[in-house]
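These notes are about the structure you will find just below.
Scope of the values below: all heavy atoms of this structure, side chains included, with no hydrogens, waters or symmetry mates.
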Protein chains: 2
Amino acid sequence: MPAETKTLVEKLKAVSHPIRLRVLALLHGGEMSVCQVAETLQVPPSSVSEALRELRRAGFVSERKEGRWVFVSVMPGFEGNPLLSAILAEAVKLPESEMDRMRAGMVQKQAVAVVCRKVQAAEEKGVSHV
Amino acid sequence: MPAETKTLVEKLKAVSHPIRLRVLALLHGGEMSVCQVAETLQVPPSSVSEALRELRRAGFVSERKEGRWVFVSVMPGFEGNPLLSAILAEAVKLPESEMDRMRAGMVQKQAVAVVCRKVQAAEEKGVSHV
DNA sequence: TAGACATTTCGAATAATTCCGAAACTACAA
DNA sequence: TTGTAGTTTCGGAATTATTCGAAATGTCTA
């Protein structure tokens with residue numbers, strides 16, 4: 001199997017997944033830190049990290065490190081990428097993406113540090129992540 | 001998990017596969033029978049049938065029965081579907097799609113019945129399908 | 001009707017993915 | 001330096017996907 005196919009297949013695989021699609025749609029609304037994404041989607045940070053790894057490999061998101069935080073966003077220039085644009089356009093229409101955006105609105109009203117500490121505290125009390 | 005997500009995820013999964021992508025790219029060149037696709041891609045008919053089932057479920061191909069043959073093609077009106085159009089545009093660029101198109105050119109010079117009998121005969125002689 | 005043919009479904013072995021807690025790693029802060 | 005917070009990697013059990021031959025199904029033809 002030639003290398004190029006694998007590349008397109010891998011890109012498509014990267015978005016053939018509920019959480020990864022939600023992450024992509026969420027980032028369409030703007031840059032966020034990993035822990036903000038985890039809090040918004042109500043998913044463990046390790047799962048978000050793995051989702052982001054795949055999306056990064058596919059060339060769909062980029063990252064920016066700032067201190068101990070990693071901020072991720074949709075790859076700059078995605079407007080010129082018809083495949084990614086089409087996927088984003090569909091992904092943001094999903095009902096769970098709308099819910100995620102609502103929750104993101106609340107999350108982003110708080111400082112990054114506050115959000116992330118909250119997640120940690122909830123986990124220590126045994127609050128489950130659906 | 002809401003139904004709509006599953007739908008988009010399922011669509012993307014349907015094309016996250018080397019053979020299914022090749023089938024889609026091949027059909028972009030025009031309608032073909034299942035056995036013509038199998039002969040062109042050098043893949044067993046049962047595998048092609050399964051690939052087509054997924055693509056049909058995703059709404060990417062449609063079929064037309066004519067006697068004992070089933071002719072499949074890219075869903076009519078796909079030009080108005082940005083997601084499918086973007087996927088097709090990438091898929092037809094793949095090197096193996098170019099090779100498939102070359103082989104398809106030879107396959108289509110012959111009558112459908114001839115092509116399919118040939119496949120059968122080859123299999124009886126133990127010629128392997130890569 | 002019997003037989004050939006195109007296609008689909010089934011079975012089952014093998015491989016790949018998914019998921020999340022635990023542990024490791026890194027940068028900051030006291 | 002010690003601790004803490006954010007992130008990533010690892011382990012490995014559970015689930016799901018892939019593959020193709022064999023068998024089943026429906027259609028044509030002699």
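Nearest nucleotide to the side chain of Pro45(B), out of dT7(D), dT7(C), dA17(D): dT7(C). The side chain of Val34(B) approaches dT8(C) more closely than any other nucleotide in the set dT8(D), dT7(D), dT8(C). When distances are taken from the side chain of Pro44(A) to each of dT7(D), dG21(C), dT18(C), the shortest belongs to dG21(C).
What separates CG of Leu41(A) from P of dC20(C) is a distance of 12 Å, to the nearest Å. Rounded to whole Å, atom P of dT7(D) lies 8 Å from atom CZ of Phe71(A). Per the geometry, CZ belonging to Arg20(B) stands 9 Å off C1' belonging to dT18(D), to the nearest Å. Spacing between atom CD of Glu39(A) and atom P of dA5(D) amounts to 16 Å, rounded to whole angstrom units. One can place CD of Gln36(A) at 12 Å from C1' of dG6(D), the figure rounded to the nearest angstrom. Rounding to whole angstrom units, CD1 of residue Ile19(A) and C1' of dC20(C) are separated by 10 Å.
Shortest non-hydrogen contact noted between Lys13(A) and Arg20(A) is O-NH2, 3.1 Å.
Contacts between residues 50-68 of chain A and DNA chain D, counted as heavy-atom distances below 4.0 Å, involve Glu50(A), Arg53(A), Arg56(A), Arg68(A).
Checked against salt bridge (Lys or Arg N to Asp or Glu O under 4.0 Å), Glu79(B) has no partners two or more places apart in sequence or in another chain. The side chain to side chain donor-acceptor pair (under 3.5 Å) test applied to Glu54(B) returns Arg57(B), not counting sequence neighbours.
Checking the phosphate oxygens (OP1, OP2) of dA16(C), no side-chain nitrogen or oxygen of His17(B) falls inside 4.0 Å. Residue Ser47(B) places at least one side-chain N or O closer than 4.0 Å to OP1 or OP2 of dC20(D).
For the pair Leu24(B)/Leu84(B), a side-chain contact is recorded, criterion being any heavy-atom separation below 4.5 Å from C-beta on. Contact annotation: the side chain of Leu27(A) never approaches that of Leu55(A) to less than 4.5 Å [non-hydrogen atoms, C-beta and beyond]. The side-chain heavy atoms of Lys11(B) and Thr7(B), taken from C-beta on, include a pair separated by under 4.5 Å. Between Ile87(B) and Leu8(A), every side-chain heavy-atom pair lies at or beyond the 4.5 Å cut-off.
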